[in-house]
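Starting off with a structure, shown below.
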Amino acid sequence: MDLLPFNLERLSSEKYFISNSAGFHAEIEKDVLDSLTDSPNNFDDSMRDELVTKLFISKEENFSTSLVALASASAKRIVSEIRFSPIFMIVPTLRCDHSCKYCQVSRAPISASGFDLDEKLIPKIIDSIKKISLPPYKIEIQGGEPLVRFDLIEAIYKEADEKIGSDKFEMVIATTLSLISNKIIKWAKGKNIQFSVSLDGEENVHNFNRILPNDNSFEKFKNGANLIFNKLSRNQLSTVTTVTSELIKNPQSIVDAHIECGLNNLFLRPISPYGFAHKKIVNSYSIEEYLSFYEDLLDIIIDKNKHGYELVEHSAAIHMKRILVPGYSGYADLKSPSGVLFNCILFNYDGKLYGSDESRMLDIANPESDFSFGSIENPNLIGSEYYKSSISDSFNLVHPGCIDCAFQPYCGADPCMNISTQGEPVGDKSLSRYCQYHKGMFKLLLRRYYSGDFSESTLVKWAHA
């Protein structure tokens with residue numbers, strides 16, 4: 001028997017995770033690893049058959065054929081990664097009624113002028129969407145607080161309905177729900193409209209970070225959520241949680257907040273270093289502290305599931321999908337090459353075009369550089385050095401620090417974060433917050449997955465949901 005190329009990662013003192021470039025993986029004991037590297041013939045038949053099937057080892061007479069099969073499977077995985085399937089983001093306004101401490105976007109005051117989309121551009125935006133891709137389309141309305149200009153959202157929907165057809169697109173509105181009203185609810189009824197809302201913990205934690213001058217942001221969220229639940233559908237609201245230094249002290253808070261509001265789905269993420277999320281906020285906790293918090297959170301969620309309150313945490317689900325579901329590449333942050341452009345086209349309020357929301361943030365934070373690819377009126381993707389390098393430099397299979405990592409086939413590349421934190425698109429992986437976070441998540445979840453307890457079946461269920 002001959003060894004084929006693979007990488008490994010220690011999960012515990014006696015267990016290792018191995019993977020190859022095709023995305024095949026296995027958990028093996030230390031003694032099996034020793035046998036595998038010293039004498040591939042010296043272990044039981046079932047393990048040998050599994051490792052042959054997964055292209056970790058090959059019979060000597062089939063070695064060339066096995067190498068071709070490994071290369072072919074690797075190429076198939078890369079082809080699925082570069083499939084062009086963008087979310088179309090539209091920013092009708094940069095104005096916002098909140099002043100959140102960690103805001104990733106350089107918001108504008110609610111009373112400011114010059115920060116709203118020209119309504120005349122809306123037909124051109126919808127025409128561009130039709131030209132760029134095929135249905136079904138996902139149109140995400142971002143901000144600022146988009147509901148400040150609900151009239152523009154109505155106009156965008158109307159134009160898309162007329163030119164695309166209401167059955168061929170979904171609209172997601174990213175909002176705090178502070179400005180939700182019966183008028184908006186009535187308009188959304190019967191339409192494929194989703195509301196994506198930030199929820200950062202129970203009332204004191206949420207309000208500490210999501211500041212609504214002279215009002216209670218958490219109460220606004222609860223009232224808006226109840227309005228959607230009662231007059232639309234529970235399926236039309238999802239939450240996103242940015243973990244702050246206040247929340248990290250008490251993981252129970254975010255679970256209790258979701259249960260209090262009658263929610264079953266969580267989606268957690270650490271603070272990202274963009275926009276107003278200055279270094280002192282990003283560095284208010286380490287990724288090691290985040291992962292410790294997250295493991296406690298996972299215990300709480302799994303315990304709730306055991307006792308009949310079903311909860312799903314979607315960051316865990318996405319990481320497990322990448323490993324357990326071949327061909328899954330629906331999450332832009334875990335794609336190589338990067339999901340920039342492949343997974344997002346953003347139409348900004350000022351008419352500029354971007355290949356991701358993070359590119360828009362970089363453009364605002366670095367006015368001396370241009371991270372756009374022209375405008376709605378005059379797109380210029382071919383002439384953009386930023387997007388050329390963002391794609392060509394984001395194949396992690398050749399990155400130092402990734403090339404020998406067991407999680408490389410399931411992980412991605414984030415040129416925007418590398419530019420934001422290190423000044424260039426590849427970055428030093430030993431200093432990368434992105435690398436620390438995703439590698440830590442993979443290891444944490446795989447230990448649970450291979451443990452054989454209730455958390456294993458929960459993670460499998462989430463991955464295949």
Assess the pair Phe342 and Phe84: is the distance between their ring centroids shorter than 6.0 Å?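 Centroid separation for Phe342 and Phe84: 6.0 Å or greater.
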
For Asn265 and His314, which I'm curious about, is there any donor-acceptor pair between the side chains at under 3.5 Å?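 Side chains of Asn265 and His314: pair found under 3.5 Å.
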
Could you check whether Lys439 makes a cation-pi contact with Phe407, meaning its NZ or CZ is under 6.0 Å from the centre of the six-membered ring and within 45° of the ring axis? no

With rounding to the nearest 0.5 angstrom, report the OG to CG distance, Ser329 to Asn343. 7.0 Å

Where the side chain of Asn7 meets the backbone of Ser19, is there a donor-acceptor pair that is under 3.5 Å apart?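 Not confirmed, Asn7 side chain does not pair with Ser19 backbone.
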
If the threshold is 4.0 Å, N to carboxylate O, is there a salt bridge linking Asp151 and Arg149?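 Yes.
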
Sequence neighbours left out, what passes side chain to side chain contact (heavy atoms under 4.5 Å, CB included) with Arg447? Give chain and number order. Leu11, Lys443

Smallest heavy-atom separation, Asp296 atom then Pro251 atom, equals CB-CG, 3.9 Å

Using modelled atom types only, decide if a donor and an acceptor are shared between the side chain of Asn366 and the backbone of Glu368 within a distance under 3.5 Å. no

Counting distance only, does the side-chain N/O of Arg322 pair as donor-acceptor with the main-chain N or O of Tyr328 below 3.5 Å?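 Confirmed, Arg322 side chain pairs with Tyr328 backbone.
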
Is it the case that the side chain of Tyr410 and the backbone of Gly23 share a donor-acceptor pair, with hydrogens and angles ignored and the cut-off at 3.5 Å? yes

Starting from the C-alpha separation in whole Å, work towards a yes-or-no answer on side-chain contact (heavy atoms from CB on, under 4.5 Å) for Val312 and Asn264. CA-CA 6 Å; Val312 178; Asn264 297 90; over 6 Å; no

In the structure I gave you, are the side-chain heavy atoms of Glu145 and Thr176 within less than 4.5 Å of one another anywhere? yes

Find the distance between NZ (Lys54) and CG (Leu4) and round it off to the nearest 0.5 Å. 14.5 Å

Looking only at side-chain N and O atoms, does Arg10 offer a donor or acceptor that is under 3.5 Å from a partner on Tyr16?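 Their side chains do contain a donor-acceptor pair, which is all the 3.5 Å distance test asks for.
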
Polar side-chain atom of Glu27 near backbone of Lys15 as donor-acceptor pair, under 3.5 Å: no

Arg269 and Thr241: side chain donor to acceptor below 3.5 Å: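 Short answer, no.
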
For the NE2 atom of His258 and the OG atom of Ser253, what is their distance to the nearest 0.5 Å? 10.5 Å

Ignoring hydrogens and geometry beyond distance, is a side-chain donor-acceptor pair present between Asn305 and Glu310 at under 3.5 Å?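 The criterion, which ignores hydrogens and geometry beyond distance, is not satisfied for Glu310 and Asn305.
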
Can you see which heavy atom on Leu199 is nearest to which on Ile254, and at what distance? O-CD1, 3.4 Å

Do you see a donor-acceptor pair shorter than 3.5 Å between the side chains of Asp363 and Ser372?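 Looking only at side-chain atoms, Ser372 and Asp363 do not form any donor-acceptor pair under 3.5 Å.
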
Mark yes or no for whether Gln408, through its side chain, and Cys405, through its backbone, hold a donor-acceptor pair below 3.5 Å. no

Any chance you could measure Ser384, atom OG, to Leu353, atom CG, to the nearest 0.5 Å? 11.0 Å

Take Leu444 and Leu298, measure what side-chain contact (heavy atoms from CB on, under 4.5 Å) needs, and give me the verdict at the end. CA-CA 10 Å; Leu444 185 161; Leu298 207 56; 3.8 Å; yes

What pair of heavy atoms forms the shortest contact from Asp97 to Ile110, and how long is it? N-CD1, 4.0 Å

State, to 0.1 Å, how close Met89 and Asp357 come at their nearest heavy-atom pair, and which atoms those are.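 That closest heavy-atom pairing would be SD-CB, 4.0 Å.
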
Atom CG of Leu237 and atom CZ of Phe195: how far apart are they, to the nearest 0.5 Å? 8.0 Å

Is the side chain of His206 donor-acceptor paired with the backbone N or O of Asp200 at a distance under 3.5 Å, no angle test?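 A pair under 3.5 Å: yes.
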
Are the side chain of Ser394 and the backbone N or O of Ser338 linked by a donor-acceptor pair below 3.5 Å?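 The answer is yes, because a donor-acceptor pair under 3.5 Å joins these two groups.
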
Evaluate the ring-ring contact (aromatic ring centres under 6.0 Å, His included) criterion for residues Tyr437 and Tyr290: first the C-alpha distance (whole Å), next the side-chain angles of each, then the deciding distance (0.1 Å), finally the verdict. CA-CA 8 Å; Tyr437 167 60; Tyr290 177 89; 5.6 Å; yes

Give a yes-or-no answer on whether the side chains of Ser356 and Ser359 include a donor-acceptor pair shorter than 3.5 Å.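 Present: a donor and an acceptor within the cut-off.
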
Quick one: which of Leu346, Asn348, Ile156, Ile345 gives a side chain to side chain contact (heavy atoms under 4.5 Å, CB included) with Ile90?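 Exactly one option meets the side chain to side chain contact (heavy atoms under 4.5 Å, CB included) with Ile90, and it is Ile156.
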
Just checking, is any N or O donor in the side chain of Glu140 or Gln142 under 3.5 Å from an acceptor N or O on the other one?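 Judged by distance alone, the side chains do pair up.
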
Please check if the side chain of Thr421 supplies one atom and the backbone of Met417 the other of a donor-acceptor pair under 3.5 Å. yes

Sorted by first residue and then second, give each side chain to side chain donor-acceptor pair (under 3.5 Å) pair with at least one member in residues 123-132; sequence neighbours left out. Lys124-Glu377, Asp127-Lys163

Aromatic Tyr294 / basic Arg448 pairing, under 6.0 angstrom, 45° off normal: no

List the steps, then state whether salt bridge (Lys or Arg N to Asp or Glu O under 4.0 Å) holds for Lys158 with Glu154. CA-CA 6 Å; Lys158 184 174 183 292; Glu154 285 183 296; over 6 Å; no

Is a side-chain donor or acceptor of Glu313 paired with a backbone partner of Leu268 at a separation under 3.5 angstrom?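 Side chain of Glu313 to backbone of Leu268: a pair is present.
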
Return the minimal non-hydrogen interatomic distance between Ser66 and Ser58, and the atom names on each side.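 Distance-wise, the nearest heavy atoms are OG-OG, 2.8 Å.
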
Do Tyr157 and Phe169 make the cut of ring centroids closer than 6.0 angstrom? yes

Considering all heavy atoms of both residues, which atom of Ser336 and which atom of Glu81 are nearest to each other, and what is their separation? N-OE1, 3.1 Å

For atom NZ of Lys191, decide whether the heavy atoms of other residues, nucleotides or ligands shown that lie under 6.0 angstrom number more than 12. yes

Between CD on residue Glu9 and CG on residue Leu446, distance to nearest 0.5 Å: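 The distance works out to 9.5 Å.
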
So that I know where these two stand, are Phe395 and His399 an aromatic pair - ring centroids less than 6.0 Å apart?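 No, the ring centres sit 6.0 Å or more apart.
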
